[in-house]
There are 2 protein chains.
Amino acid sequence: MGMDATSLPTRQRILYATAELFRRQGYTGTGLKQIVAEAQAPFGSVYHHFPGGKQELADEVIHAGGAFFQALVSAVYDAEPNPEASIRAVFEGAAETLRATDFQDACPIATVALEVASTNEPLRLVTAEVFERWTQALSDRLGDRDRAQAVLAALEGAFILARAQRSIEPMLAAGRMAADYAGRS
Amino acid sequence: MGMDATSLPTRQRILYATAELFRRQGYTGTGLKQIVAEAQAPFGSVYHHFPGGKQELADEVIHAGGAFFQALVSAVYDAEPNPEASIRAVFEGAAETLRATDFQDACPIATVALEVASTNEPLRLVTAEVFERWTQALSDRLGDRDRAQAVLAALEGAFILARAQRSIEPMLAAGRMAADYAGRS
DNA sequence: GTCTATAGAAGGATAGAC
DNA sequence: GTCTATCCTTCTATAGAC
């Protein structure tokens with residue numbers, strides 16, 4: 001990654017940079033100054049395009065990250081409608097992305113979600129909304145809401161363990177469990 | 001919770017307050033000033049007892065949180081050695097704790113682990129060490145390292161979903177999957 | 001719309017009196 | 001060992017020139 005100053009409008013460069021930094025460093029760990037530096041934008045542009053400041057920026061980034069991730073998983077599912085095989089493919093794809101990005105790019109919203117869960121109610125609601133949409137989408141595929149939530153939990157937890165241990169082993173282990181569980185009658 | 005100024009030595013009051021704040025707000029989201037206020041300790045005590053500052057404090061807190069959580073899970077296991085039943089009990093206990101603490105107290109190190117995974121290599125190593133010990137302990141009980149990692153991933157992910165959605169539903173759903181998986185031959 | 005400068009608060013860390 | 005005062009940096013946010 002590493003979005004250039006090329007062609008993209010300022011507003012979008014800011015959004016991309018914020019998404020990348022929040023994903024890797026979290027909400028409180030990322031400063032607006034770091035964001036504008038990465039986006040190669042002047043500081044004032046943040047408040048011009050996002051009058052609500054850091055929180056409004058986070059709101060948009062969480063929504064966008066949610067949509068992106070959902071599209072990614074849907075693409076895998078459309079290519080392989082069998083529940084067990086597609087779940088396996090999602091976890092293997094996640095493992096490959098982790099490896100390819102030096103264990104930096106995992107769930108786009110997990111770090112922020114944990115940070116804001118008890119400290120920022122408006123943003124907590126946004127993360128809850130995204131998780132609910134993912135659960136719904138998976139639920140539609142699996143035909144079972146409980147299983148969808150369990151599979152999603154396995155994926156999120158595996159991201160934590162994989163990033164901390166810098167190993168794809170937990171992702172593959174969780175994928176076996178989740179695929180197995182999703183594929184049972 | 002909310003540790004008083006009672007009896008406990010300054011150093012331990014600081015450790016308790018830090019553990020609570022890191023668990024709920026994360027590493028970057030918690031300031032040393034907030035810690036000493038909560039611990040009812042003078043600011044200088046932090047650097048007297050922890051010359052390495054915030055990072056040394058985090059190192060100790062992560063280790064302590066790891067040991068605490070491991071003891072908790074071990075206690076459940078000793079009371080109910082059957083793998084399937086004990087895993088179910090762990091997830092149900094986690095659900096109860098979440099509910100009782102208004103979804104504030106979940107995994108003692110998850111938020112910090114995600115925050116430091118790509119930003120603070122010394123602390124990442126500490127979180128990796130704790131996760132490895134948990135995996136080992138579970139592995140000994142289940143007799144299978146892969147399953148232990150999958151179960152742990154399900155628990156960690158369920159903590160994220162439950163805190164974000166303020167619902168124990170994901171924890172129970174993940175618990176069913178994990179118990180089921182652990183109990184199979 | 002773009003960009004600079006700065007305010008005002010909070011961050012981590014240190015010095016040194018007691 | 002306890003505690004206060006302070007340094008310097010960084011943070012979010014705003015004002016206002018261009």
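Note that this is a predicted model, so its numbers are computed, not measured. Note on naming: letters A, B, ... go to the chains in the order of the sequence lines (proteins, then strands), and numbering restarts at 1 for each one.
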Who else is in A:Met177's hydrophobic cluster (ILVMFWY, side-chain heavy atoms under 4.5 Å, direct or via others)? A:Tyr181, B:Met177, B:Tyr181

Apply the hydrophobic cluster definition, ILVMFWY joined by side-chain contacts under 4.5 Å directly or through others, and give me every member besides A:Leu72. A:Phe68

Can you hop from A:Phe69 to A:Tyr16 via hydrophobic side chains spaced under 4.5 Å? no

With sequence neighbours excluded, tell me which residues meet side-chain hydrogen bond (donor to acceptor under 3.5 Å, both in side chains) with [X].
X: B:His48; result: none
X: A:Asn82; result: none
X: A:Glu60; result: A:Arg11
X: B:Thr28; result: A:Thr28, B:Glu115

Separation of D:dC11 atom C1' from A:Ile35 atom CD1, nearest Å, is 12 Å

Anything under 4.0 Å to a heavy atom of chain A counts; send over the first and last such nucleotide of DNA chain C, read 5' to 3'. C:dG1 to C:dA5

Under 4.0 Å protein heavy-atom contact, by nucleotide of nucleotides 5-10 of chain D - B base, S sugar-phosphate only: B-----

Listing request: all salt bridge (charged side-chain N to carboxylate O under 4.0 Å, His left out) pairs with a residue in residues 66-81 of chain A, at least two apart in sequence or in separate chains. A:Asp78-A:Arg141

Which residues within residues 52-63 of chain A lie with some heavy atom under 4.0 Å of an atom in DNA chain C? none

Look at all strands and tell whether B:Thr28 reaches a base, only sugar-phosphate, or nothing, counting heavy atoms closer than 4.0 Å. nothing

Contacts of type side-chain contact (heavy atoms from CB on, under 4.5 Å), residue B:Ala41, not counting sequence neighbours: B:Thr10, B:Arg13, B:Ile14, B:Ala39

Contacts of A:Glu132 meeting salt bridge (Lys or Arg N to Asp or Glu O under 4.0 Å) (sequence neighbours excluded), chain-then-number -> A:Arg145

